[in-house]
Amino acid sequence: MSKKKLRSQEWYGRTGKDGIIYRSWMKNQGLPHHLFTGEKPVIGICNTWSELTPCNAHFRDLAEALKRGIWEAGGFPLEFPVMSLGECSIKPTAMLFRNLASMDVEESIRANPMDGVVLMCGCDKTTPSLVMGAASVNLPTLVLSGGPMLVGRFRGKKIGTSDIWRFAEDYKVGRLTQEDMIEVESSMSRSVGHCAPMGTASTMAAMVEALGLALPDNATIPAADSRRKVLAHMAGMRIVEMVKEDLTMDKILTRKAFENSIMVNAAIGGSTNFILHLTAIAKRIGVELDLTDFDHFSSKIPLIANVQPSGEHWVEDLFYAGGMPAVMREIQKHLHTDAITVNGKTIGENISKAECWDRNLIGTLDQPIKPESGIAVLKGNLCPNGAVLKPSAATPSLLKHTGRAVVFEDIDDYKAKVDDPSLDIDENCVMVLKNVGPKGYPGMPEVGNMGLPKKLLEKGVKDMVRISDGRMSGTGFGTVVLHVSPESAIGGPLALVQNGDLIELDVPNRSLNLLISEEEFENRRKSFVPTQLPYERGYVNLFLDKVNQAHEGVDFDFLQGSSGAEVKRDSH
Ligand code: FES
């Protein structure tokens, strides 16, 4: 047990004028003096509550349960807001602001008198932004996720966010009317919580559980289930102990923890966004991780959780079947079971008694839900620094495919042409979308799983090979190559593809190549003109100046590396 003086006493333990200034204004909230004497660790509650982030709109209520636990364990909770990123509302994409939010979190924690932190995360980017920011300060830190929504019901069928893509196609070809779509949207989001499938939000909640940053079952207890509040209460009790044990983030976020997380992500068929966020977190805490690690550690793990979009069911169902502990137990022979977690126990101890209650939901290594899962990392002349594809969401027959390129120069070009009946395209073509990478379309939006042309949908075509330097929603699916690096806007080879070129995708051999001669490549490279981006001020300008590429996590170069120094001086 650490005997270290509490960090908060650097503020509240002062005498004279400094002490008055740090304590007096706090007392206007009715807080008695003994809370400031260093007996009780100050626990910051980093809350992403916002009515504009509907997935986190229940966080005020959840924070109350968390506070009860903190008080019970002898801590002193102080809640503070940070920038909240609502995936469904923020334009052009919440990812543009992930790094900004992480800076808010980092500086809010570092600048304030707290000994430990609970990060309240839910909607997609609210988890990585908070974990990245907190990792750069490295206090004892525990993540509490908000939990998934209850599954929606539409005309007798279970539905969730991953069905949007199918509904959109049905609407496009007239199988659903606008009135039907309004009924769909009302049925889909019927409770508090984040998206119901294993989209990016649940992938992130599973990521923190696998990393050891959250208590067992954090990822799957539904938001509306009373056990979510029990989890919050227990999280509150535990963070107080973590401060006493000085269990800082760097003791949990080891290389083993990252490897575990990659394997678990394969087992659940997690979102491709996981790659960007985990890479960024690793670089914040100083752990070496590169794109090949994602392929290497996930290649031996099949799909264990039968959850959408890779499987059939929902995260709520996964909780009833045993949750993440039961999934992890199925792959435990591959995991580093000695990795320590926030509850002070190892991953191995946490999952040792986990049971599977429904084999429709949780497969085994011998009888998985699908044999191929994880992340395929592609290399080749089209993506020298890598590109990724999620095999469990792809069409098996397209994983080895050569086709004629149909090129869209940017998202506007795509929108203008895709449904044009005269577009020269068939189901064997390869759709190429340029200029949607980190700089080309600042923030790298989720447009990589671009919808198929209407005329092919009407013929019954369900999937085609699609390639871009953008991202895909965690709820998306298809034979979609993403995160091509370097991106086209800065002159990556994707910028050089022309209509009619042949592109060869070979997922079994992990390659992606443009079938043109080296001489032709060079000629095109010489005539490449970089896009002039119309952003000259504000945050977007900073983003364009400092953001790195997809294979590096799309973080700002100046935020990676070791923690920033504590500010020792007083403000007065
Ligand atoms: Fe918030 Fe999906 S929109 S998790």
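For ligands, and for the atoms within them, numbers begin at 1 and follow the listed sequence.
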Using side-chain heavy atoms (C-beta onward) and a distance below 4.5 Å, is Pro309 in contact with Lys390? yes

Can you check whether Tyr539 and Phe97 have ring centres sitting under 6.0 Å from each other?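 Close enough - the centres of the two rings lie under 6.0 Å apart.
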
Could you tell me if Gln560 and Asn548 have a donor-acceptor pair between their side chains, going purely by distance under 3.5 Å? yes

Is the closest basic N to carboxylate O distance between Asp419 and Lys172 below 4.0 Å? yes

Pair up each side-chain donor or acceptor in residues 441-454 with any protein partner under 3.5 Å, not counting sequence neighbours, and list the distances.
unit_1 : atom_1 : unit_2 : atom_2 : d
Glu446 : OE2    : Asn273 : ND2    : 2.9
Glu446 : OE2    : Arg471 : NH1    : 3.2

In the shown structure, where waters are left out, how many protein N, O or S atoms lie under 2.8 Å from atom 1 (Fe) of ligand 1? 2

Would Ser299 and Asp295 count as a side chain to side chain donor-acceptor pair (under 3.5 Å) here? Give the steps. CA-CA 6 Å; Ser299 62; Asp295 204 328; 5.0 Å; no

